[in-house]
Amino acid sequence: MCGIVGIVGKSDVNIALYDALTMLQHRGQDAAGIMTCEDGKLAQQKGLGLVKDVFRTRHMQRLVGNVGIGHVRYPTAGSSGPALAQPFYVNSPYGIALAHNGNLTNSAHLMEDLFKADLRHVNTDSDSEVLLNVFAHQLQLQGKLKPGPEDVFKAVEGVHQRCKGGYSAVAMIANYGILAFRDPHGIRPLVFGKRDTEMGTEYMIASESVALDTLGFKLIRDVAPGEAIYITTDGRLHTRECAEKSELTPCIFEHVYFARPDSIMDGVSVYKARLRQGERLAAKILQERPDHDIDVVIPIPDSSRVAGQALAQTLGVKFREGLVKNRYIGRTFIMPGQQMRKKSVRQKLNAIRLEFEGKNVMLVDDSIVRGTTCKQIIQMARDAGAAKVYFSSAAPPVSYPNVYGIDMPTSKELIAHGLTTEEICENIGADWLIYQNLDDLVAASAEGNPEIKTFDCSVFDGCYVTGDISPEYFTWLEQMRSDRAKVKRALALGESDQAMVGISNEG
């Protein structure tokens with residue numbers, strides 16, 4: 001999962017891009033980058049680390065221009081390194097930069113096709129660079145000295161015909177404008193908005209609406225599945241549906257975990273969706289254990305807090321912040337190796353003993369992936385004196401890998417794969433474990449926008465909406481995503497066991 005942003009302004013957009021990326025930092029902490037354009041000249045700064053570490057005053061001073069794009073990277077495939085920081089750039093045709101969120105499921109085929117048929121060179125194993133080159137080739141086929149909106153939209157049509165998977169992207173065409181497009185299923189999120197200034201109207205495109213809010217842009221709407229948005233450097237907005245067939249099936253895991261609660265996605269308030277998750281989970285608890293003895297509900301910070309509050313209120317029990325988070329530790333489920341994840345969990349969270357001692361505690365988390373984190377937290381609760389430790393998940397069991405841009409491990413590394421709820425409960429050391437029902441999770445999101453008929457729930461039900469996922473693909477995925485493969489690549493790169501290593505596509 002990555003964060004992307006593009007702005008067409010009436011003055012330099014460097015500071016606005018920086019601020020927007022800080023608001024999208026939760027979507028990727030591996031690398032960050034900005035590229036701007038002024039009078040056809042491109043300026044770029046990108047590197048490994050958080051936004052605040054990648055950009056210095058001297059960098060911002062040369063990132064001039066009224067148009068620009070930015071990216072924060074979270075690796076889902078391929079090694080972490082400076083060469084994989086985005087935006088990517090090709091000089092032909094026109095000079096194009098691109099930032100991408102998602103995963104192309106046919107990137108291997110596309111890379112071969114780009115080399116043999118399109119005669120284009122791809123320098124990394126990143127599917128984001130593949131996407132850029134596919135778009136660049138399709139635009140070059142239009143054969144125009146000066147491309148217009150029709151040429152740009154025709155090129156996006158070609159992208160949708162060739163590329164499979166979940167993707168949203170922003171691209172900057174030097175001297176001409178900024179383009180944004182979303183896959184025909186709308187799996188990965190993308191919104192756009194505008195703000196009126198004394199100099200005229202400015203436009204912004206971003207992964208989440210929260211980035212627009214903080215910069216004073218008014219949300220216009222989401223980019224529709226298969227749609228392209230093209231804004232010229234002088235501020236003219238053009239939109240076009242570029243896919244032959246499109247259907248909105250957004251990733252429901254955005255509502256569970258990745259998105260900020262103050263974002264609106266496809267008309268759904270993430271905050272409200274998480275409240276409803278908690279309410280429905282509480283209803284299931286009351287159905288299964290009407291005479292429960294829960295004394296207190298404690299969320300595992302941060303993404304389960306909203307659901308935890310609603311759960312406690314519906315159950316009529318106390319809600320307490322019993323776990324304090326160290327905000328300088330990365331997200332543990334994408335770290336390679338069990339030993340490293342175990343160490344990181346202990347560094348990341350600390351229990352407030354007064355909230356646990358002698359109590360029957362219901363811990364609530366957004367989801368359970370490997371089970372590493374919750375197992376240690378349950379032990380932390382016992383060490384803090386809890387009488388009983390119950391565990392609830394605001395999402396159903398995660399039983400299948402994600403192929404659309406989230407670094408879910410292989411099926412064999414998912415704790416829910418092949419185990420019953422009772423077996424998982426014993427494995428993590430809880431006194432009782434309860435999961436959200438999938439129907440309830442979907443209803444919690446769908447209530448926010450009844451027009452969404454289907455969500456991508458593939459990590460829960462194994463149904464991949466693009467319809468192109470084969471057993472061979474899963475075999476390749478396992479070779480790339482297993483803990484063993486990640487650690488092997490880290491050692492080959494000479495990285496320490498503390499390095500966060502992802503696998504080749506950008507997410």
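Keep in mind it's a predicted model, so treat the numbers as computed, not measured.
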(request) Would you mind checking if Asp196 and Lys218 are paired as a salt bridge, meaning a charged N to carboxylate O distance below 4.0 Å? (result) no
(request) Evaluate the criterion side-chain contact (heavy atoms from CB on, under 4.5 Å) for residue pair Val223 and Val191; output intermediate values, then yes/no. (result) CA-CA 5 Å; Val223 178; Val191 299; over 6 Å; no
(message) Give me the atom names and distance for the closest heavy-atom approach of Ser263 to Glu208.
(response) OG-OE1, 2.6 Å
(message) Salt bridge or not between Glu202 and Arg195? Use side-chain N to carboxylate O under 4.0 Å.
(response) yes
(request) For the residue pair Phe253 and Phe460, categorise the inter-ring angle as parallel (less than 30°), tilted (30 to 60°) or perpendicular (more than 60°). (result) tilted
(message) Looking at every heavy atom in both His26 and Phe258, which two are closest together, and how far apart are they?
(response) CD2-O, 3.1 Å
(request) Give the minimum heavy-atom separation between His255 and Ser445, together with the two atoms involved. (result) ND1-OG, 2.7 Å
(request) Verify, without hydrogens or angle tests, whether Glu112 (side chain) and Phe115 (backbone) share a donor-acceptor contact under 3.5 angstrom. (result) no
(message) With a 4.5 Å cut-off on side-chain heavy atoms, are Val465 and Ile187 touching?
(response) yes
(message) Tell me whether Asp30 is salt-bridged to Arg73, with the criterion being a basic N under 4.0 Å from an acidic carboxylate O.
(response) yes
(request) Would you please indicate if the ring centroids of Tyr464 and Tyr473 are separated by under 6.0 Å? (result) no
(message) For Glu150, is there an ion pair with Arg240 - N to carboxylate O distance below 4.0 angstrom?
(response) yes
(request) Nearest 0.5 Å please: distance from the OG atom of Ser207 over to the CE atom of Met1. (result) 9.0 Å
(request) Could you walk me through whether Asp151 and Lys144 pass the salt bridge (Lys or Arg N to Asp or Glu O under 4.0 Å) test, one step at a time? (result) CA-CA 8 Å; Asp151 303 304; Lys144 298 291 183 64; 2.9 Å; yes
(request) Please answer whether the main-chain N or O of Ala444 pairs with a side-chain N or O of Gln277 as donor and acceptor at a distance below 3.5 Å. (result) no
(message) Check this for me: Lys154, atom NZ, are more than 12 non-hydrogen atoms of other residues, nucleotides or ligands nearer than 6.0 Å?
(response) no
(message) Please find the pair of heavy atoms, one from Leu179 and one from Ala228, that lie closest to each other, and give the distance.
(response) CD1-CB, 4.0 Å
(request) Working to the nearest 0.5 Å, report the span between CD1 of Ile96 and CD of Gln140. (result) 8.5 Å
(message) Looking at Lys284, I'd like to know if its NZ atom is crowded, meaning that more than 12 non-hydrogen atoms belonging to other residues, nucleotides or ligands lie closer than 6.0 Å.
(response) yes
(message) Can you confirm whether Gln45 sits close enough to Ile34 that some side-chain heavy atom of one is under 4.5 Å from a side-chain heavy atom of the other?
(response) no
(request) For residues Tyr404 and Arg188, determine if any side-chain heavy atom of one lies less than 4.5 Å from a side-chain heavy atom of the other. (result) yes
(message) Looking at Arg260 and Asp213, is there a salt bridge between them, counting it only when a charged N and a carboxylate O are closer than 4.0 Å?
(response) no
(message) What's the separation between atom CG in Asp266 and atom SG in Cys251, rounded to the nearest 0.5 Å?
(response) 11.0 Å
(message) Can you confirm whether Cys37 sits close enough to Met172 that some side-chain heavy atom of one is under 4.5 Å from a side-chain heavy atom of the other?
(response) yes
(request) Have a look at Glu129 and tell me which of Leu131, Asp125, Asn133, Asp127 forms a side-chain contact (heavy atoms from CB on, under 4.5 Å) with it. (result) Asn133
(request) Under the salt bridge (charged side-chain N to carboxylate O under 4.0 Å, His left out) rule, collect the residues that match up with Glu38, sequence neighbours excluded. (result) none
(message) Run the side chain to side chain donor-acceptor pair (under 3.5 Å) test on Arg62 and Gln44 for me, step by step, so that the C-alpha distance in whole Å, both residues' side-chain angles and the decisive distance to 0.1 Å come before the verdict.
(response) CA-CA 8 Å; Arg62 61 180 174 78; Gln44 172 184 267; over 6 Å; no
(message) Under a 4.0 Å threshold between the charged nitrogen and the carboxylate oxygen, would Arg162 count as salt-bridged to Asp118?
(response) yes
(message) For the aromatic rings, using the six-membered ring if either is Trp, is the centroid distance between Tyr203 and Phe192 under 6.0 Å?
(response) no
(request) Report yes or no: does Asp366 contribute a side-chain atom to a donor-acceptor pair with the main-chain N or O of Ser303 at less than 3.5 Å? (result) no
(request) State, yes or no, whether a side-chain contact exists between Leu281 and Asp440 at a heavy-atom distance under 4.5 Å. (result) no
(message) Between Leu237 and Ile229, does the side-chain contact (heavy atoms from CB on, under 4.5 Å) criterion hold? Intermediate values first, please.
(response) CA-CA 7 Å; Leu237 173 69; Ile229 307 291; 3.5 Å; yes
(request) Mind listing the closest non-hydrogen atom pair of Phe135 and Val159 along with its distance? (result) CA-CG2, 3.7 Å
(message) Using side-chain contact (heavy atoms from CB on, under 4.5 Å), reason through Arg280 and Glu447 one step at a time and then give a plain yes or no.
(response) CA-CA 12 Å; Arg280 289 178 177 271; Glu447 188 176 329; 4.1 Å; yes
(message) Are the side chains of Ile424 and Tyr435 in contact, using a 4.5 Å heavy-atom criterion?
(response) yes
(message) When you compare the side chain of Met265 with that of Pro250, does any pair of heavy atoms fall below 4.5 Å?
(response) no
(message) Between the side chains of Glu254 and Arg27, is the shortest nitrogen-to-carboxylate-oxygen separation below 4.0 Å, so that they form an ion pair?
(response) yes
(request) Decide yes or no for Val51 and Tyr18: does some side-chain heavy atom of the first lie under 4.5 Å from some side-chain heavy atom of the second? (result) yes
(request) Test side-chain contact (heavy atoms from CB on, under 4.5 Å) on Ser393 and Asp365 and set out the steps. (result) CA-CA 5 Å; Ser393 169; Asp365 205 353; 5.8 Å; no
(message) How close do Ile69 and Leu17 get, counting heavy atoms only, and between which atoms?
(response) N-CD1, 3.9 Å
(message) Looking at Glu247 and Lys453, is any side-chain nitrogen of the basic one under 4.0 Å from a carboxylate oxygen of the acidic one?
(response) no
